[in-house]
Amino acid sequence: MNALALIGLLAQTAETVVETNVSAGQQSFMQLVLSANIVVQLTLLLLVFFSVVSWAIIGSKYRQLKKNKKRSNRFFQFFWQAKSVDAIVAKGNFRVSPAFNIFKVGVDTVRDNRDPRAAQVVEKEIKRATEDEIEQMEYGIPFLATTASACPFLGLFGTVWGVLFAFWKIGRTGTSSLAIIGPHLAEALLTTAIGLIAAIPAIIFYNYYVTRVRVMSKDLSDFADDLNTRIDREYFSAV
């Protein structure tokens, strides 16, 4: 009986020493994460996933929208400077852009449908191409909104779970010493911090990209209307 009591005392003493070392700063940030509760670790892993994917979308979307706007503006300028749609086709050398893709769909449809009644078919195909280009620009942006709305709550969940685990630790050890519960409170608050780090950039760039896509979508829609008018005048009205 005495031997069992001695073993229990030694185990409790060893556990207290390990936790005291953590609270005293003898473990690194990574060691704090690795020694965290499994639920907290999974929450942190999920938050890191959201953050990494969000930054990947932010970077790729910035390059995509910048390239699309620059190339489309050049095509808009050439479109209005050209005397006719045939003159644009004759040039035949344009860099791929949303505006050019819409134009190409319209011209290809005209070539396949020269009947005057095909004007509605051309208009429908141009509208569909415009919607496809807008959808391509919007792709991935909703994930930023999901990150911005979900990550703070995931961080809060990890914090609540960590605090509950700290109270459970108090109940098990019978002491409220900071050396015992400090590491658990630290890992709990860490999830809130990571959640905000993931959510704040996501909401900032989400609003930024939504505004840019809205402006570019209006430009493409206006261009589609102008293209329809020009095709109808040059190919169908004269028939």
Side-chain angles (χ1 to χ4, degrees), residues 49-50 52-150 201-239:
F49 167 78
F50 272 102
V52 170
V53 175
S54 294
W55 278 108
I57 293 174
I58 289 170
S60 63
K61 193 59 59 176
Y62 178 82
R63 293 189 297 271
Q64 178 191 9
L65 295 181
K66 182 179 179 180
K67 179 182 66 175
N68 287 350
K69 182 176 179 61
K70 182 178 180 180
R71 294 183 178 181
S72 291
N73 286 342
R74 288 180 178 176
F75 189 81
F76 291 155
Q77 185 178 7
F78 186 84
F79 177 81
W80 286 115
Q81 289 176 349
K83 295 181 179 181
S84 65
V85 173
D86 288 336
I88 300 175
V89 175
K91 184 177 184 298
N93 183 22
F94 297 99
R95 304 186 73 179
V96 175
S97 67
F100 172 74
N101 292 337
I102 295 171
F103 176 81
K104 186 175 184 299
V105 169
V107 171
D108 290 343
T109 307
V110 168
R111 289 174 175 174
D112 296 335
N113 301 273
R114 297 303 297 267
D115 189 279
R117 293 171 296 181
Q120 294 182 351
V121 176
V122 175
E123 181 179 358
K124 181 179 179 180
E125 291 301 319
I126 290 177
K127 181 179 178 181
R128 180 179 299 174
T130 303
E131 293 174 348
D132 290 342
E133 293 299 326
I134 294 175
E135 184 179 356
Q136 284 295 321
M137 290 191 297
E138 293 176 341
Y139 181 79
I141 294 179
F143 186 87
L144 299 180
T146 302
T147 300
S149 59
I203 191 61
I204 291 174
F205 282 98
Y206 171 77
N207 291 328
Y208 173 71
Y209 288 141
V210 165
T211 302
R212 291 196 63 180
V213 169
R214 184 182 298 118
V215 173
M216 295 177 66
S217 298
K218 182 180 182 303
D219 291 341
L220 290 177
S221 297
D222 292 342
F223 170 74
D225 293 337
D226 295 337
L227 178 61
N228 273 315
T229 301
R230 197 162 182 176
I231 288 177
D232 184 67
R233 182 177 66 248
E234 296 181 16
Y235 290 97
F236 297 115
S237 297
V239 178

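For the numbers below, each heavy atom of this structure counts, side chains included, while hydrogens, waters and symmetry mates do not. Sequence positions, counted from 1, serve as the residue numbers for this chain. Just so it is clear, the model here is predicted, and its values are computed rather than measured.
Considering only heavy atoms from C-beta on, Val110 stays 4.5 Å or farther from Glu234 through its side chain. Looking at heavy atoms from C-beta onward, Tyr235 lies in side-chain contact with Val85 at the 4.5 angstrom threshold.
Judged by distance alone, the side chain of Ser149 and the main-chain N or O of Thr146 form a donor-acceptor pair under 3.5 Å. No donor-acceptor distance shorter than 3.5 angstrom exists from the side chain of Arg95 to the backbone of Arg74, with no hydrogens or angles considered. Under a 3.5 Å cut-off, the side chain of Lys67 and the backbone N or O of Ser97 do not form any donor-acceptor pair.
Smallest separation of non-hydrogen atoms from Ser54 and Ala202: OG-CB, 4.5 Å. Here the closest heavy-atom approach between residue Lys61 and residue Met137 is recorded as NZ-O, 3.1 Å. Minimum interatomic distance between Gly106 and Val122 (heavy atoms only, all atoms of both residues): O-CG1, 4.1 Å.
Separating the CG atom in Leu144 from the CZ atom in Phe205 is a distance of 9.5 Å, to the nearest 0.5 Å. Note that OG of Ser60 is 9.0 Å distant from CG of Leu65, once rounded to the nearest 0.5 Å. Here NZ of Lys83 is found 13.0 Å from CD1 of Ile88. Values are rounded to the nearest 0.5 Å.
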Working for side-chain contact (heavy atoms from CB on, under 4.5 Å), residues Arg230 and Phe79:
CA-CA 10 Å; Arg230 197 162 182 176; Phe79 177 81; 3.6 Å; yes
Which side-chain N or O atoms in residues 208-229 pair as donor and acceptor under 3.5 Å with protein atoms at least two apart or in another chain?
unit_1, atom_1, unit_2, atom_2, d
Tyr208, OH, Arg212, NH1, 3.3
Tyr209, OH, Ile58, O, 2.6
Tyr209, OH, Tyr62, N, 3.3
Thr211, OG1, Asn207, O, 2.9
Ser217, OG, Val213, O, 2.6
Lys218, NZ, Asp222, OD2, 3.0
Ser221, OG, Ser217, O, 3.0
Asn228, ND2, Ala224, O, 3.2
Thr229, OG1, Asp225, O, 3.0

Do any side-chain atoms of residues 123-135 form donor-acceptor pairs under 3.5 angstrom with protein atoms, and if so which ones, sequence neighbours left out?
unit_1, atom_1, unit_2, atom_2, d
Thr130, OG1, Ile126, O, 2.8
Glu133, OE2, Asn101, ND2, 3.2

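Other residues, nucleotides and ligands place no more than 12 heavy atoms under 6.0 Å from the OH atom of Tyr206.
Applying the ring-ring contact (aromatic ring centres under 6.0 Å, His included) rule to Phe94 yields the partners Phe75, Phe78, Phe100; only residues at least two apart in sequence or on another chain are considered.
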